[in-house]
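The figures here come from the full heavy-atom set of this structure, side chains too, leaving out hydrogens, waters and symmetry mates. Every chain is numbered from 1 and lettered A, B, ... according to where its sequence line falls, protein lines coming before strand lines. What you see is a predicted model, and the numbers here were worked out from it, not measured in a lab.
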Number of protein chains: 2
Amino acid sequence: MATIYEVSKLAGVSLATVSRVMNNNTPVRESTRKKVLAAMEQLGYRPNSIAQSLASNCSNSVGILVSELHGPFYGAMLTGIEAEFRAAGKHVIIAAGHSELATEQEGIEFLQSRSCDALILHVEAVSDDYLIKLAQTDTPFVLLNRQIPALADRCISLNNELGGYLATQHLLAQGHRDIAYIAGPMWKTDAKERYQGHQRALADYQLVANPALFFEGDFRETGGSKGLSAILATGLPFTALVCGNDEMASGALTAARELGLSVPDSFSVVGFDNVNFAYYTYPKLSTIDYPISAMGQMAARWVLREVYRSATVEVQQLFEPHFIPRDSVKACSPT
Amino acid sequence: MATIYEVSKLAGVSLATVSRVMNNNTPVRESTRKKVLAAMEQLGYRPNSIAQSLASNCSNSVGILVSELHGPFYGAMLTGIEAEFRAAGKHVIIAAGHSELATEQEGIEFLQSRSCDALILHVEAVSDDYLIKLAQTDTPFVLLNRQIPALADRCISLNNELGGYLATQHLLAQGHRDIAYIAGPMWKTDAKERYQGHQRALADYQLVANPALFFEGDFRETGGSKGLSAILATGLPFTALVCGNDEMASGALTAARELGLSVPDSFSVVGFDNVNFAYYTYPKLSTIDYPISAMGQMAARWVLREVYRSATVEVQQLFEPHFIPRDSVKACSPT
DNA sequence: TTGTAGGCGTTATCAT
DNA sequence: ATGATAACGCCTACAA
């Protein structure tokens with residue numbers, strides 16, 4: 001592989017000049033520029049990005065830590081991020097944190113050791129304090145799907161509470177009063193906030209959530225099926241079920257079918273996230289939209305603006321969810 | 001950030017010695033090792049990976065090019081790859097090729113310019129010749145889901161033809177004779193091979209595929225729904241439908257339901273890939289298993305073995321699919 | 001076992 | 001506008 005040195009020799013100029021035409025940061029006479037370009041072309045010269053990084057103290061790489069690489073949710077997020085960075089010539093290093101404390105911390109350290117210029121973190125297990133400490137470090141980072149007041153300027157998040165509110169509010173407006181709830185792991189902020197929204201919507205109608213109709217699931221399909229069984233086992237009547245995310249809703253739909261119950265005739269179901277497959281369940285799932293791809297893109301832009309100082313479009317940090325009506329909810333028939 | 005130099009000063013040894021304890025490739029007296037370790041600890045020393053890369057001519061990074069970052073298929077693949085590399089201390093740079101020629105080539109060049117030690121390529125649009133030329137370059141790469149005879153030693157692929165054969169064979173064994181087929185884009189090798197397997201299975205029964213019952217889709221859900229409409233529009237009878245992948249099968253299921261047809265009573269459906277949501281469709285989709293996560297892992301191992309010379313477990317390059325019976329197929333009732 | 005010194009391919013600061 | 005030359009932080013013969 002040709003080096004800058006060989007290019008300079010062939011072009012009959014100095015190292016520095018070659019560097020200048022590459023980065024065009026310093027004026028170079030047009031004729032010499034041409035000479036250099038020609039030499040580069042002739043040698044098939046490609047700058048060594050490692051050497052550039054060492055000398056410029058900028059690796060042009062940003063680390064992404066997500067909980068999982070698979071699953072409809074993170075895929076959409078990564079797509080938004082990658083597209084934005086690729087266009088800017090930055091590259092993306094990914095690591096999975098698996099929602100586990102140790103793995104998430106390791107992941108962050110791993111990414112830091114790779115000398116990323118910045119980090120985009122979608123972490124769940126790590127504590128607020130840990131992140132606040134991390135902010136003292138000289139590796140800048142943005143937080144996706146998390147709200148920490150002390151770090152508000154680097155948080156990009158959805159109003160989960162509002163989403164939870166909207167889901168339940170829609171059911172209430174349809175006449176439902178006995179509403180079961182399958183939550184995600186309540187130690188996860190988004191699961192908790194969604195549930196709080198649920199409670200607020202109930203309060204609007206002078207109602208209170210019935211603890212017997214509550215189940216704490218795992219955000220996965222099995223959580224939905226187990227949750228439904230548990231709720232049915234109470235023998236209590238209910239006409240609607242809110243699930244903390246679409247995966248659990250899908251599990252609940254499947255379980256209901258296997259038990260001979262039909263949705264929405266036996267009861268209505270609402271999910272959360274609007275992942276791509278929500279449209280392909282049967283019945284099609286009514287859910288809350290989570291614009292995760294756009295949010296990933298915003299995280300990328302934040303980095304572009306704050307770290308690479310490129311003049312980019314506005315960065316939106318707070319996103320509002322909205323309700324997507326489909327076929328899994330119907331009005332509560334007066335009995 | 002502390003450098004190796006400061007560590008050496010604090011420990012009272014030379015630069016070289018510090019480097020040696022880090023890489024432990026050269027014997028170092030235990031007492032000096034301790035001193036160095038202590039100094040590193042005290043300074044919170046972290047090696048600069050960029051400098052390491054420049055000096056050692058090894059970036060410890062491998063580039064991954066996939067068609068898409070979202071979708072159940074690639075997610076599973078990335079998971080297999082990331083886990084394997086992370087454990088080996090290598091990191092993963094990803095790029096999306098979107099199944100488009102220009103984007104795939106750009107992606108490869110992008111990854112090369114990032115001085116990856118190796119590439120894992122899941123490319124569809126790029127030609128065999130291009131890849132054969134690429135093999136002359138000094139960037140080693142493995143091919144996932146592609147078979148090129150001249151590059152056989154770096155191909156990790158599934159026997160798609162066999163998969164296609166198994167899908168149809170199962171239907172034939174269940175008594176089906178009029179079998180419709182919704183293929184993926186036929187310029188994609190896997191789509192073509194799956195269809196060839198379909199034809200071979202038919203041939204076993206002295207049957208020939210009916211071109212009127214064939215539809216070329218796009219591997220996406222809409223392909224399945226459009227395909228089903230097109231096939232129904234012919235008015236020809238059929239009792240089973242094979243789809244080139246699960247996404248299209250899912251689309252066909254949804255479309256069938258909307259048309260008032262019930263699967264598998266009106267007709268049976270088989271998919272391909274066994275993506276995670278295949279279990280959550282209604283009815284649960286009978287399909288062909290595609291062990292993509294394991295294949296991703298193998299690609300990673302190939303790199304570990306061939307490029308990083310680490311003694312790893314055997315690398316399996318050829319994978320065999322098998323049939324997963326679920327609820328979308330039933331025996332053809334004799335009429 | 002340990003130290004010395006040259007090199008990896010750029011960038012960037014001075015001069016000129 | 002251009003050229004020397006010193007970083008950048010580490011690795012690795014070669015010597016001792």
Charged tip of A/Lys188 within 45° of A/Phe219 ring normal and under 6.0 Å:
no

Could you give the [atom1]-to-[atom2] distance, from [X] to [N], as a whole number of Å?
X: B/Glu30; N: C/dT2; atom1: CD; atom2: C1'; answer: 15 Å
X: A/Arg33; N: D/dA1; atom1: CZ; atom2: P; answer: 11 Å
X: A/Arg29; N: C/dT16; atom1: CZ; atom2: P; answer: 20 Å
X: B/Tyr5; N: C/dG3; atom1: OH; atom2: C1'; answer: 13 Å
X: A/Leu43; N: C/dG9; atom1: CG; atom2: C1'; answer: 15 Å
X: A/Asn24; N: D/dA1; atom1: CG; atom2: C1'; answer: 15 Å

Measuring from [X]:[atom1] to [Y]:[atom2], what's the distance to the nearest 0.5 Å?
X: A/Glu106; Y: B/Arg86; atom1: CD; atom2: CZ; answer: 6.0 Å
X: A/Ile120; Y: A/Met295; atom1: CD1; atom2: CE; answer: 12.0 Å
X: A/Arg146; Y: A/Ile156; atom1: CZ; atom2: CD1; answer: 15.0 Å

Got a donor-acceptor contact below 3.5 angstrom from the A/Ser8 side chain to the A/Val18 backbone?
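Side chain of A/Ser8 to backbone of A/Val18: no pair is present.
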
Is there a residue in residues 110-119 of chain B whose heavy atoms reach under 4.0 Å of DNA chain C, and which residues are they?
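Hits under 4.0 Å, by residue number: none.
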
Scan B/Asn23 against the nucleic acid and name what it touches under 4.0 Å (heavy atoms): base, sugar-phosphate only, or nothing.
sugar-phosphate

What's A/Thr32 touching, base or sugar-phosphate or nothing? Going by heavy atoms closer than 4.0 Å.
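Since only primed, P, OP1 and OP2 atoms lie under 4.0 Å of A/Thr32, the category is sugar-phosphate.
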
For nucleotides 3-9 of chain D, 5' to 3', base contacts (B), sugar-phosphate-only contacts (S) and non-contacts (-) with protein non-hydrogen atoms under 4.0 Å give BB---BB

Measuring only between side-chain heavy atoms, which start at C-beta, is B/Tyr290 closer than 4.5 Å to B/Asn145?
yes

Check A/Glu6 with A/Lys9, please: is the shortest side-chain N to carboxylate O separation under 4.0 Å?
no

Hydrogens and angles aside, do B/Thr139 and B/Thr137 bring a side-chain donor and acceptor to less than 3.5 Å of each other?
no

Under 3.5 Å side-chain donor-acceptor pair for A/Ser293 and A/Thr79:
no

